[in-house]
Amino acid sequence: MIKWSQIQRQRGKENYKRRRSCGNLALSLYDQFFLFMIRLRLGLLETDLGVRFNISKSSVSRIILTWANFLYTMLAQVPIWPTTAQIKNSMPECFKTIYPKTRVILDCTEIKVQRPSSKVLNSEFYSAYMSHTTLKCLVGIAPHGAVTFISSLYQGSISDKEITRRSGILSLIQEGDEVMADKGFLIQDLLEPKKATLTIPPFLSKARSMQFTSKEVTETQQIARLRIHVERAIRRIKEYQIFDKVLPLSLAGSVNQIWTVCCLLTNFRGPLY
């Protein structure tokens with residue numbers, strides 16, 4: 001493990017050599033990991049953690065950055081995108097009877113961040129849905145509930161379609177797959193080259209006196225009952241209370257790592273349902 005302070009000292013040097021360091025010498029590795037998890041799970045401030053562990057605030061910050069980068073690197077090596085055979089073997093009965101070809105269920109979520117002083121950045125990060133500056137992420141789960149895709153964090157003003165295009169998930173979709181999502185994901189044209197299909201609730205048509213048919217009502221209820229699982233998965237991610245508060249701009253360089261680690265850790269918490 002390389003300390004964050006070491007990376008800063010070594011940045012810019014041509015001949016960089018890794019040092020055999022276990023992190024901050026004031027705390028053992030177990031205590032450092034415990035501190036990091038407290039920061040994520042309870043959302044305690046760095047000043048508070050410094051008092052609890054009898055170290056300086058800057059040491060707390062370095063430990064958090066070090067462990068965020070370390071766990072991001074280690075957990076990212078674990079493949080989470082399942083094969084078609086694995087999806088079929090673990091698919092719940094509620095999907096087998098209605099949508100047996102579902103490969104992934106998609107949804108977007110946002111986390112609040114501190115407002116930047118730049119008006120240009122403020123407009124890019126402002127989310128009309130949240131009425132705040134946010135970072136937006138695309139999350140995908142398998143039918144059995146495991147998180148199988150996590151995109152990078154993008155500015156809050158990005159649309160669901162554009163984040164799908166940029167995230168890289170289209171390269172994972174195969175011919176014959178079905179993608180389930182909410183009405184905002186108008187991505188059928190993105191899936192057509194992959195010969196995949198999109199499953200979303202039907203839209204209300206003006207040509208039919210603004211009323212759903214009985215078949216459309218049933219279809220809407222079925223999709224909503226199955227798609228709710230991705231919202232439950234996102235709720236489990238946001239149980240890490242570091243996201244309850246507005247994230248400061250000082251975390252801008254590591255927020256992607258922290259978010260990804262929290263997403264991946266939810267897969268170790270047992271089945272969603």
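All residue numbers refer to positions in the sequence shown, counting from 1. The model shown is predicted, which means the values in this text are computed figures rather than measured ones.
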**Q.** Test side chain to side chain contact (heavy atoms under 4.5 Å, CB included) applied to Y154 and L138, step by step
**A.** CA-CA 9 Å; Y154 294 86; L138 178 67; over 6 Å; no
Step through the shown structure and confirm whether more than 12 heavy atoms of other residues, nucleotides or ligands are within 6.0 Å of [atom1] on [X].
X    : atom1 : result
K161 : NZ    : yes
K88  : NZ    : no
D189 : CG    : yes

Q: May I ask you to say whether E239 pairs ionically with R236, meaning some side-chain N is under 4.0 Å from a carboxylate O?
A: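 Answer for the salt bridge query: no.
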Q) Is any side-chain N of the basic residue among R227 and E231 closer than 4.0 Å to the acidic one's carboxylate O? A)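 A salt bridge is present here (some side-chain N lies under 4.0 Å from a carboxylate O).
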**Q.** Test item: side-chain donor near acceptor, E124 and S157, under 3.5 Å
**A.**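 The answer is no; no qualifying pair exists.
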Q | Residue pair K238 / T109, side-chain donor-acceptor N/O under 3.5 Å | A |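 Side-chain D/A pair, K238 to T109: present.
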Taking [Y]'s backbone N and O only, do any of them form a donor-acceptor pair with [X]'s side chain (distance below 3.5 Å, no angle check)?
X    : Y    : result
R103 : P82  : yes
E216 : T213 : yes
N256 : L153 : yes
Q86  : T83  : yes
N69  : T66  : no
S167 : I163 : yes
N122 : S118 : no
S254 : Q257 : no
R39  : I64  : no
T133 : V113 : yes

Shortest non-hydrogen contact from [X] to [Y]?
X    : Y    : result
E46  : S61  : OE1-CB, 3.6 Å
Q222 : I98  : OE1-CG2, 3.8 Å
L247 : I242 : CD2-O, 3.4 Å
Y240 : T266 : CE1-CG2, 4.2 Å
F95  : I105 : CZ-CD1, 3.6 Å
L29  : W67  : O-CZ2, 3.6 Å

Q.
Quick check: do Q241 and D244 have side-chain heavy atoms less than 4.5 Å from each other?
A.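 The answer is yes, as the side chains (C-beta and beyond) meet within the 4.5 Å cut-off.
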Q) Would you call F268 and L75 a side-chain contact if the rule is heavy atoms closer than 4.5 Å? A)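 Yes, close enough: below the 4.5 Å cut-off.
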Donor-acceptor pairs under 3.5 angstrom involving side-chain atoms of residues 193-204: please list them, not counting sequence neighbours.
residue	atom	partner	partner atom	Å
K194	NZ	L170	O	3.4

With clusters defined by side-chain heavy atoms of hydrophobic residues (ILVMFWY) lying less than 4.5 Å apart, directly or transitively, does [Y] cluster with [X]?
X    : Y    : value
M130 : I234 : no
L190 : W81  : yes
I111 : L249 : no

Q: Dump the intermediate steps for side chain to side chain contact (heavy atoms under 4.5 Å, CB included) on L172 and F149, then the final yes or no.
A: CA-CA 10 Å; L172 301 174; F149 182 82; 3.9 Å; yes
Q: Give the C-alpha distance, both sets of side-chain angles, the deciding distance and a yes or no for side chain to side chain contact (heavy atoms under 4.5 Å, CB included) between I63 and F53.
A: CA-CA 12 Å; I63 290 173; F53 286 85; over 6 Å; no
Q) Residues in salt bridge (charged side-chain N to carboxylate O under 4.0 Å, His left out) with D48, at least two apart? A)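 Partners of D48 by the salt bridge (charged side-chain N to carboxylate O under 4.0 Å, His left out) criterion, ordered by chain and then number, come out as R52.
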Q) Going through the distances and angles, do I258 and L40 end up as a side chain to side chain contact (heavy atoms under 4.5 Å, CB included)? A) CA-CA 8 Å; I258 292 174; L40 298 188; 3.5 Å; yes
